[in-house]
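The first residue of the sequence shown is numbered 1, and numbering continues consecutively from there. Owing to the predicted nature of the structure, the values given are computational and were not obtained by experimental measurement.
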Amino acid sequence: MLDVKNIRLSQEELDRCIEFAKKSAPNQQAIEFGQRTTKPRGTNEIARDNLIGKIAEVAFSKMMKENYNINVPLDFNYYPRGQWDSQDAVINSWRIDVKGTRQGGHWMLIEWNKLKFRQRDNNLSHLYVMFSVAWNRTADCPTGLVSYEGAASLKRLNSECATTKVLRKGDVIPGTHAILQADNYGIEFSKLYADLDGLVQYLTTKKPPKSLTAKFPNPYTGQTTEQILSTAKLDETRSGKADAERKAEPGILSKMAFWTRKLLGNK
């Protein structure tokens, strides 16, 4: 059994994460999700963020396999600019977003724009799991140790939840000097759900309720997913109908030819 507060990656696993981070960085957006007014991120910063996230995914996969005999495939594909993987993990239809931060952080941050894009695509994650990645600050590299911090349901990502903070672009992360470059929901580690055994038992015996994603309110507009998708479907129907009507109308040249024949007495 793995100690989930002290998960160690092998050197081979670390090397694979490092290679992925370096190769994928040039393809990634240099800005946060949709935040085009922020300062572009450099390739090294993107690579470091990718590395932290991928290490967290590997730790989650190891934890689920060794402690619960659940296989969680890892995605080491490189995606074009503006695209990303479908989900970090899926267990019994539960879509799971694996989050990572360097050791010393105490907040799980979920970007609003990522939620907006996932909602638009009807692909919101049901659950968010958080890991701290131990880091050698002098050498600026991971040590290979990872700690599971807890989890939070999509249901908690709204301004009405008492344990969730709304952190806007330009705000300082509480207890730090770090200024946020994007709008986020923030949950302190101490407020995350920590009973991993109970969580896994629930995930493997219950399916995610449709209402969890369908009723999720967009952080910017308050519209639910079902409202957004319904509007998009209606717009698509109207657009298709308009296109069909335009195609059905005779072209101006055809009309001119018709009236010319009429005037000349030709059929």
Less than 4.0 Å between a side-chain N and a carboxylate O, is that true for Asp97 and Lys114?
yes
Any Asn113 side-chain heavy atom under 4.5 Å of Tyr220 side chain:
yes
Within 6.0 angstrom of Lys5 NZ, more than 12 heavy atoms from elsewhere
yes
Starting at CD1 of Ile70, measure out to CD1 of Ile91 and round the result to the nearest 0.5 Å.
5.0 Å
Gap separating the CD atom of Glu111 from the CD atom of Gln181, nearest 0.5 angstrom
10.5 Å
Is there a donor-acceptor contact under 3.5 Å from the side chain of Asn67 to the main chain of Leu2?
yes
For Met130 and Leu192, the nearest pair of non-hydrogen atoms, with its separation, is CB-CD1, 3.8 Å
Show which residues join Ile173 in its hydrophobic cluster (side-chain heavy-atom contacts under 4.5 Å, direct or indirect), or state none.
Trp107, Leu109, Leu167, Leu180
Using a 4.5 Å cut-off on heavy atoms from C-beta on, say whether the side chain of Glu188 contacts that of Lys165.
no
What is the minimum heavy-atom distance between Thr101 and Ile52, and which atoms define it?
N-CG2, 3.6 Å
I'd like to know if the side chain of Asn123 reaches the main chain of Arg118, judged simply by a donor and an acceptor atom lying under 3.5 Å from each other, with no hydrogens or angles considered.
no
Start with the C-alpha distance between Arg102 and Arg137, add both sets of side-chain angles, then the distance that settles side chain to side chain contact (heavy atoms under 4.5 Å, CB included), and finish with yes or no.
CA-CA 10 Å; Arg102 285 190 294 179; Arg137 301 268 176 167; 3.4 Å; yes
Got Ser125 and Gln87 here, is their nearest side-chain heavy-atom distance under 4.5 Å?
yes
So, taking the atom named CD1 in Ile228 and the one named CZ in Phe216, what distance separates them when rounded to the nearest 0.5 Å?
9.0 Å
Please find the pair of heavy atoms, one from Ser61 and one from Leu74, that lie closest to each other, and give the distance.
CB-CD2, 3.8 Å
Rounded to the nearest 0.5 Å, how far does CG of Leu199 lie from OG1 of Thr204?
9.0 Å
Any salt bridge between Arg16 and Glu13, counting N to O under 4.0 Å?
no
Following the transitive rule for hydrophobic clusters with a side-chain heavy-atom cut-off under 4.5 Å over Ile, Leu, Val, Met, Phe, Trp and Tyr, establish whether Leu145 and Leu9 coincide in one cluster.
no
Modelled atom types, side-chain donor and acceptor of Lys215 and Thr224, under 3.5 Å
no
Under the side chain to side chain contact (heavy atoms under 4.5 Å, CB included) criterion, do Asp171 and Asn184 qualify, and how do the steps go?
CA-CA 10 Å; Asp171 289 349; Asn184 287 263; over 6 Å; no
Taking side chain as C-beta onward, heavy atoms only, is Val58 less than 4.5 Å from Cys17?
yes
The reported gap from NZ in Lys62 to CD1 in Ile7 (rounded to nearest 0.5 angstrom) is 8.5 Å
Does the side chain of Tyr128 reach to within under 4.5 Å of the side chain of Ile187, using non-hydrogen atoms?
no
Rounded distance [0.5 Å steps], CG in Leu196 versus CG in Leu203
9.0 Å
Any heavy-atom pair between the side chains of Thr176 and His106 that's under 4.5 Å?
no
Cluster link Leu154 to Tyr202, ILVMFWY, side chain under 4.5 Å
yes
Are the side chain of Glu57 and the backbone N or O of Ala89 linked by a donor-acceptor pair below 3.5 Å?
no
Please check if the side chain of Lys22 supplies one atom and the backbone of Leu51 the other of a donor-acceptor pair under 3.5 Å.
no
Closest heavy-atom pair, Ala56 versus Lys99, reported as atoms and distance to 0.1 Å, is CB-O, 3.8 Å
Audit row: Arg48, Asp140, side chain to side chain contact (heavy atoms under 4.5 Å, CB included) steps and yes/no:
CA-CA 9 Å; Arg48 186 185 65 195; Asp140 195 23; 4.0 Å; yes
Looking at every non-hydrogen atom in both residues, tell me the closest pair between Ala47 and Ala21 and how far apart they are.
O-CB, 3.2 Å
For Tyr148, enumerate each residue passing the ring-ring contact (aromatic ring centres under 6.0 Å, His included) test, keeping only those at least two apart in sequence or located in another chain.
Phe131
Any donor-acceptor pair under 3.5 Å linking the side-chain atoms of Ser132 with those of Gln103?
no
Restricting to pairs with a member in residues 175-199, which pass ring pair (Phe, Tyr, Trp, His ring centres under 6.0 Å), not counting sequence neighbours?
Trp112-Tyr185
For Cys161, what residues pass the side chain to side chain contact (heavy atoms under 4.5 Å, CB included) criterion, not counting sequence neighbours?
Arg156, Asn158, Thr163, Thr164
Write down the atom of Trp94, the atom of Pro209, and the distance for their closest heavy-atom approach.
CH2-CD, 4.1 Å
If you apply the rule side chain to side chain contact (heavy atoms under 4.5 Å, CB included), what do you find for Asp88 with Phe60, and how did you get there?
CA-CA 10 Å; Asp88 292 333; Phe60 178 71; over 6 Å; no
Considering residues at least two apart in sequence or located in another chain, which fulfil the side chain to side chain contact (heavy atoms under 4.5 Å, CB included) criterion with Lys207?
Asn92, Ser93
Pairing residues for Gln201 by the side chain to side chain contact (heavy atoms under 4.5 Å, CB included) criterion, not counting sequence neighbours
Thr205
Kindly say whether Leu124 contributes a backbone atom to a donor-acceptor pair with the side chain of Thr213 at under 3.5 angstrom?
no
Look at the side-chain heavy atoms of Ile, Leu, Val, Met, Phe, Trp and Tyr, link any pair under 4.5 Å apart, and say whether Val200 and Val4 land in one connected group.
yes
